[in-house]
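The basis for the numbers below is simple: all heavy atoms, side chains too, and nothing from hydrogens, waters or symmetry mates.
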There are 2 protein chains.
Amino acid sequence: MTTLLNQQPRYLQLAQTLINEIQAGKYGIGDLLPTEYDLCEQFGASRFTVREAVKRLVQMGLVDRQAGVGTRVRAQQAVSGYQQVMQQLGDLQQYTADTELDIVSRQTIEIDESLCGLLRATPGETWLRIEALRRSGDSPYPICVSEIYIHPAFRTIENVGSATHAPIYTLIERQFGEQITEVQQEIRAVNVTSAQARQLNVKARSAALWICRHYINRRGEVVEVAISTHPAERFSYSEKFQRDWRPV
Amino acid sequence: MTTLLNQQPRYLQLAQTLINEIQAGKYGIGDLLPTEYDLCEQFGASRFTVREAVKRLVQMGLVDRQAGVGTRVRAQQAVSGYQQVMQQLGDLQQYTADTELDIVSRQTIEIDESLCGLLRATPGETWLRIEALRRSGDSPYPICVSEIYIHPAFRTIENVGSATHAPIYTLIERQFGEQITEVQQEIRAVNVTSAQARQLNVKARSAALWICRHYINRRGEVVEVAISTHPAERFSYSEKFQRDWRPV
DNA sequence: AAGTGGTCTAGACCACAGG
DNA sequence: CTGTGGTCTAGACCACTTC
């Protein structure tokens, strides 16, 4: 009893069958799945194979098991989908090591109503604003223009754009002992402004990738906001997601 | 050979032994661990027990394994505390539930050289190509135009664009028992083509967000490629990353 | 061709939960 | 007590990598 048809291992086929049946409602939430012995008979497989299959369902959070009781359905859909494979937060800057940050301007500004939405701040706070161009050794043209806002508590930050190539949020962590626990990122397509077009050496109103990152501490406060505008042909953003149940 | 002493299952004891030896430097990073057969002899255990033990090391990220090669040490310490997770809510299709897919065309096409790079296929393969517009109930204009390529093995896929609102890769998983284990995503800014401009009801050459996703199975093969082009003002892509504080 | 890990079988004994 | 899942053995064949 073997087959060329499906190249997937047997236990994954069984797992998929059970997943489908759970999603189809054949077993409702709280119900017991058939016992391992039953499944062995149903599928004509050994207990090892059946257990490997059910392990997948456990890892997906669809069922839980208890010795002496059985396998109980806990959810119809996998609780979590995909996980970003990132070793370091710094992978968000996909080029940090190879590039330099040219500071164009650095000044403190008082927040007005047009900015308080973006920074989630209240008007009147005095933040640090840094404008910069990111360059790579290879090309004469900047990769992007960046607009960085830093919370008043950290506006004395030093060594921004130094030779260290370190992302700014790591400087804040190191110089002030603040810990970034969350990063929110939004990506849009935009047309560059004429000022940006001059800085970047592209045509006015050409397409660009706009990336805005909010760096947030453990109390939920915005510590830094960085907006980067990348000319379309000079940058693309790549990421990789993997199913977060273990591949064994 | 039994014992009252250690109440832990045998495979956990073996795992702990191996962890200790790796941390003690008995096996350096990059080194191969003894083969399963060797470990069976060393510990006087069956292959099942040894494999259960090594699985723990894999899950901790201490080693990885490759058939035909062996088990290689990758780290001395479990990777924990500095890993970032993607919220499952920020799932890849950030809108699937609220929107519908209008199929514009569906046809099989033979891969030529211009496509084999994108699809990581060889010329001559016959893939399914679907062109579609994604619409929301709210707006008269489409959110994006999509170009979807599906591997020959799954080109008989059914119910694409049906009322289910299910992402296409989940249809492949359900209808063929194939499991997607990895998604690679690339985001660019582009100018829409004139054909796209007509479909989307925007001005020709206006800026758009270009998102290309490769859906990959466990053998590393490309199962589906989806390219979506979103007019700048109709869509932005958001993600959230958090530090992972999970004990090991 | 030899050796690796990946899959799978057909048994076995155990601790535990339930009637 | 019976039946459950948890652990474990001793085999086997396979796909793959390496020589």
Tell me the interatomic distance from [X], atom [atom1], to [N], atom [atom2], rounded to whole angstroms.
X       : N     : atom1 : atom2 : value
B/Glu52 : D/dG6 : CD    : P     : 11 Å
A/Leu39 : D/dG3 : CG    : P     : 17 Å
B/Glu36 : C/dT7 : CD    : C1'   : 11 Å
A/Arg51 : D/dG5 : CZ    : P     : 8 Å

Tell me, please, which residues at least two apart from A/Asp64 pass side chain to side chain donor-acceptor pair (under 3.5 Å).
A/Arg74

Check ion pair B/Arg174-B/Glu158 (N to O, under 4.0 angstrom)
no

Less than 4.0 angstrom from a charged side-chain N to a carboxylate O is my criterion; do B/Arg47 and B/Glu52 meet it?
no

Could you tell me how the ring of B/Phe48 sits relative to the ring of A/Phe48: parallel (under 30°), tilted (30 to 60°) or perpendicular (over 60°)?
perpendicular

Angle between ring planes, B/Phe154 versus B/Phe176, binned at 30° and 60°: parallel, tilted or perpendicular?
perpendicular

Kindly state each residue pair satisfying salt bridge (charged side-chain N to carboxylate O under 4.0 Å, His left out) with at least one member in residues 102-121 of chain B, sequence neighbours excluded.
B/Asp102-B/Arg135

Look only at the side chain of A/Arg234 and the backbone of A/Pro142, and say whether a donor-acceptor pair between them is shorter than 3.5 Å.
yes

Just N and O in the side chain of A/Tyr11: are any of them under 4.0 Å from OP1 or OP2 of C/dT7?
yes

Checking side chain to side chain contact (heavy atoms under 4.5 Å, CB included) for the pair B/Val50/B/Tyr11: CA distance, chi angles, key distance, verdict?
CA-CA 6 Å; B/Val50 166; B/Tyr11 65 86; over 6 Å; no

Closest contact, heavy atoms only, B/Val73 versus B/Leu33
CG2-CD1, 3.5 Å

Heavy-atom closest pair (B/Val223 atom, B/Trp127 atom, distance to 0.1 Å) is O-CZ3, 4.5 Å

Which residues pass the salt bridge (Lys or Arg N to Asp or Glu O under 4.0 Å) test with B/Glu131, sequence neighbours left out?
B/Arg129

Where along residues 63-74 of chain A does a heavy atom come under 4.0 Å from DNA chain D, residue by residue in number order?
A/Arg65, A/Gln66, A/Ala67, A/Gly68, A/Val69, A/Gly70, A/Thr71

Would you jot down, in residue-number order, the residues of residues 26-35 of chain B having a non-hydrogen atom under 4.0 Å from DNA chain C?
B/Thr35

Close N/O contacts between protein and nucleotides 9-13 of chain C (under 3.5 Å):
unit_1 : atom_1 : unit_2  : atom_2 : d
C/dT9  : OP2    : A/Ser46 : N      : 2.8
C/dT9  : OP2    : A/Ser46 : OG     : 2.6
C/dT9  : OP2    : A/Thr49 : OG1    : 2.4
C/dA12 : N6     : A/Arg47 : NH1    : 2.9

